[in-house]
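Every chain is numbered from 1, with letters handed out A, B, ... down the list of sequences. Bear in mind the structure is a predicted one, so any value in this text is a computation, not a measurement. We use all heavy atoms of the structure for the numbers below, so side chains are in, but hydrogens, waters and symmetry mates are not.
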Number of protein chains: 2
Amino acid sequence: MNIGEIARRSGVSRSTVSYALSGKRSVSEATRQRIQSVIDELGYRPNAAARALKEGRTRTLGLVVPPVRDRLTFMQLDFVASVMAAADRADLDVLLSPAADDHDRSFERIVGGRRVDGVILMEVRLKDPRVERLRDMGLPFVTIGRTARPQDTCWVDVDYASLAERCANHLVDLGHRHLALVNRSAELVASGYGPAHRAREGFNEAVARRGVEGFEFCCADNAAAGESCVQEILRTHPEVTAAVTVNEAALPGVQRALDRAGLEIPARFSVAGVAARYWAEQFHPELTAADVPAADMGAAAVEFLIGRIAEPDSPPPHHLFTPPISLRNSTGPAPTPR
Amino acid sequence: MNIGEIARRSGVSRSTVSYALSGKRSVSEATRQRIQSVIDELGYRPNAAARALKEGRTRTLGLVVPPVRDRLTFMQLDFVASVMAAADRADLDVLLSPAADDHDRSFERIVGGRRVDGVILMEVRLKDPRVERLRDMGLPFVTIGRTARPQDTCWVDVDYASLAERCANHLVDLGHRHLALVNRSAELVASGYGPAHRAREGFNEAVARRGVEGFEFCCADNAAAGESCVQEILRTHPEVTAAVTVNEAALPGVQRALDRAGLEIPARFSVAGVAARYWAEQFHPELTAADVPAADMGAAAVEFLIGRIAEPDSPPPHHLFTPPISLRNSTGPAPTPR
DNA sequence: TTGTAGGCGTTATCAG
DNA sequence: CTGATAACGCCTACAA
């Protein structure tokens with residue numbers, strides 16, 4: 001079923017069918033309706049590949065997600081969902097690529113084969129070969145997170161430095177003098193993952209400025225790691241009475257370790273952090289946390305990307321999200337030593 | 001950068017470049033290497049749209065996921081991840097569509113525009129308009145879950161009936177005489193969602209055969225609903241000592257409600273069910289459950305789909321997964337009444 | 001208001 | 001072993 005068939009059955013030329021569909025030149029109401037009824041009857045839809053070839057654009061966005069061996073966090077999942085929703089609103093399709101670097105086959109297929117008009121890159125690292133590749137290709141892209149040189153790329157990000165700092169300040173205000181930071185995994189830190197680095201900076205900044213003690217712990221993105229991380233904190237630094245966490249996937253384990261140690265929250269131990277709202281509400285009592293606005297970020301990323309596809313040479317916009325810290329029930333005054 | 005440019009710079013014709021790349025006819029080693037070096041230098045990759053137009057296939061699979069307003073469960077997420085991994089292994093791309101019915105724009109774009117060679121349909125309902133549409137279009141597809149007439153479609157599914165039945169039997173064997181079923185949401189049941197219907201059937205079957213009492217409760221897919229569902233069970237049927245659950249997202253709430261009611265697991269209350277392994281291990285104590293093999297299912301679905309794309313007229317294969325119930329620590333002998 | 005024709009980048013058939 | 005050429009289905013400049 002192609003445009004020629006529709007033209008034949010409507011008794012007009014192919015161009016008339018095309019114009020009737022696109023509205024780019026006027027078509028008499030009579031022929032227009034005749035064409036439309038043939039189209040409806042046969043269920044014709046223009047072939048996407050032919051259209052892409054002719055127009056030089058695919059009406060498709062690439063979404064590069066972290067490789068699948070690690071489960072996506074809820075935050076990432078919310079982000080994917082909101083990108084899909086925003087793309088759908090703009091009548092754009094989303095092609096998924098699980099790629100950690102620019103040599104991954106799916107990345108190569110999508111970028112090299114020009115299967116997409118633009119790319120959203122999740123979990124970008126401070127120095128990221130995928131960014132170089134996209135720039136070389138001249139393919140519009142938006143990163144989630146900043147590279148080390150953010151001034152000339154288009155990005156959206158969460159201000160982990162300021163959020164970690166504010167969480168730490170909040171705990172110090174409550175009288176805590178010995179804080180732990182539950183950061184992301186050591187591998188992520190080593191690979192130059194921005195949020196982990198910036199969370200560390202913000203935490204250290206607050207700790208130094210307020211003159212209290214702070215200890216950083218890296219923790220893999222799962223409950224079991226969260227549990228052993230907290231156990232290690234309690235063992236090596238029993239004086240710690242509060243933790244800042246930027247590792248939402250570890251939260252159930254953090255909870256379990258504190259429960260098992262008999263440390264009531266917040267009476268004996270306070271926790272504050274950055275997390276998807278889901279995890280914050282899953283915590284018990286609910287977690288005082290900056291709720292990462294993944295849905296807004298996804299929508300913003302798509303909007304930015306559409307803008308860059310339209311005007312590749314315009315200055316790249318970016319937006320740093322600094323969501324408010326929602327005061328819930330997991331933080332309280334430091335326990336008085338007995 | 002196109003094949004003509006490569007041909008020009010290599011001093012050969014476009015067809016020779018094409019054949020050098022595909023290997024579909026022999027090319028002398030000398031010219032082959034010359035071509036390859038030009039390709040490497042310029043970073044040429046065939047344009048996917050042109051190739052799709054010419055070959056009549058897109059090398060892309062469509063993955064229709066449940067609409068994004070409801071968060072994907074871990075089971076669904078595992079499934080998506082495994083589909084992506086399997087597709088990547090076969091050098092196929094994955095186009096995502098969040099579509100609940102056949103009129104959703106993204107479904108229409110993907111299916112109508114022939115953007116994919118085949119479709120994997122998640123969360124299929126007993127009567128599903130998307131299935132009709134795909135059949136009408138003659139587009140190969142695999143469903144996750146069965147329709148009411150499964151004999152002539154290709155599918156993979158979990159045998160919820162048998163698993164619910166076996167969970168119930170296990171609990172009866174332990175001496176429980178009053179069981180509850182924590183099913184999926186009432187809306188899902190009303191919309192003809194197969195797993196919910198079949199879980200009900202299996203549960204009822206076991207209860208009837210064993211001569212014990214069983215009560216079914218519908219429960220939305222989230223922790224809060226799980227909590228109030230268990231509260232309702234305890235309030236309306238205090239004689240219930242055990243539950244079968246097929247609602248993994250409700251598990252944290254089930255746990256919390258039992259904790260708050262002071263019902264120790266498994267001493268005072270037993271729980272068994274079907275869940276992604278993640279949730280089973282998240283439960284405390286770990287949940288006796290059939291671990292849904294989402295990863296295997298995703299791989300099987302992709303394999304089936306590739307087969308159907310290759311031979312659309314072959315009899316449609318299907319596979320019913322019946323994973324073993326892993327005995328963990330959430331089930332025990334019925335408490336003796338006091 | 002409508003029709004004709006060329007070309008987007010590939011692959012594959014037919015000649016040589 | 002290689003080259004010219006037609007087609008895939010669509011859009012649009014040009015012509016009527």
Participant: If the threshold is 4.0 Å, N to carboxylate O, is there a salt bridge linking R109(A) and D91(B)?
Facilitator: yes
Participant: Rounded to the nearest Å, what distance is computed from the CZ atom of residue R115(A) to the P atom of nucleotide dG9(C)?
Facilitator: 17 Å
Participant: Give the B/S/- string for nucleotides 11-16 of chain D, one per nucleotide from 5' to 3', where a protein heavy atom under 4.0 Å of the base yields B, of only the sugar-phosphate yields S, and otherwise -.
Facilitator: BBBB--
Participant: Nearest whole Å is fine: how far is dT10(C) C1' from R45(B) CZ?
Facilitator: 14 Å
Participant: For R32(B) and A50(A), find the nucleotide of DNA chain D closest to each by heavy atoms; which residue's nucleotide sits nearer the 5' end?
Facilitator: R32(B)
Participant: Counting any heavy atom closer than 4.0 Å, what does G113(B) reach on the DNA or RNA strands: base, sugar-phosphate only, or nothing?
Facilitator: nothing
Participant: Distance check, rounded to the nearest 0.5 Å: T147(A) atom OG1 versus K127(A) atom NZ?
Facilitator: 9.5 Å
Participant: Between R105(A) and E108(A), does any NZ, NE, NH1 or NH2 come within less than 4.0 Å of an OD or OE carboxylate oxygen?
Facilitator: no
Participant: Would you please confirm or rule out a distance under 4.0 Å between OP1 or OP2 of dG9(C) and any side-chain N or O of N47(B)?
Facilitator: no
Participant: Looking at side-chain heavy atoms only, is the closest gap between I120(B) and F79(B) below 4.5 Å?
Facilitator: yes
Participant: How many Å lie between CG on L53(B) and P on dG9(C), as a whole number?
Facilitator: 12 Å
Participant: Please give, in whole Å, the distance from dT2(D) P to I35(B) CD1?
Facilitator: 8 Å
Participant: Return the value, rounded to whole Å, for the distance between atom CZ of R34(B) and atom C1' of dT2(D).
Facilitator: 11 Å
Participant: Just the rounded figure in Å: distance from P of dT2(C) to CD of E29(A).
Facilitator: 11 Å
Participant: Which residue is it: R125(B), E123(B), E187(B)? I am looking for the one with a side-chain hydrogen bond (donor to acceptor under 3.5 Å, both in side chains) to Y193(B).
Facilitator: E123(B)
Participant: I'd like to know if the side chain of R32(A) and the backbone of A20(A) have a donor-acceptor N/O pair within less than 3.5 Å.
Facilitator: yes
Participant: Rounded to the nearest angstrom, tell me the gap between atom CD in E5(B) and atom C1' in dT10(C).
Facilitator: 16 Å
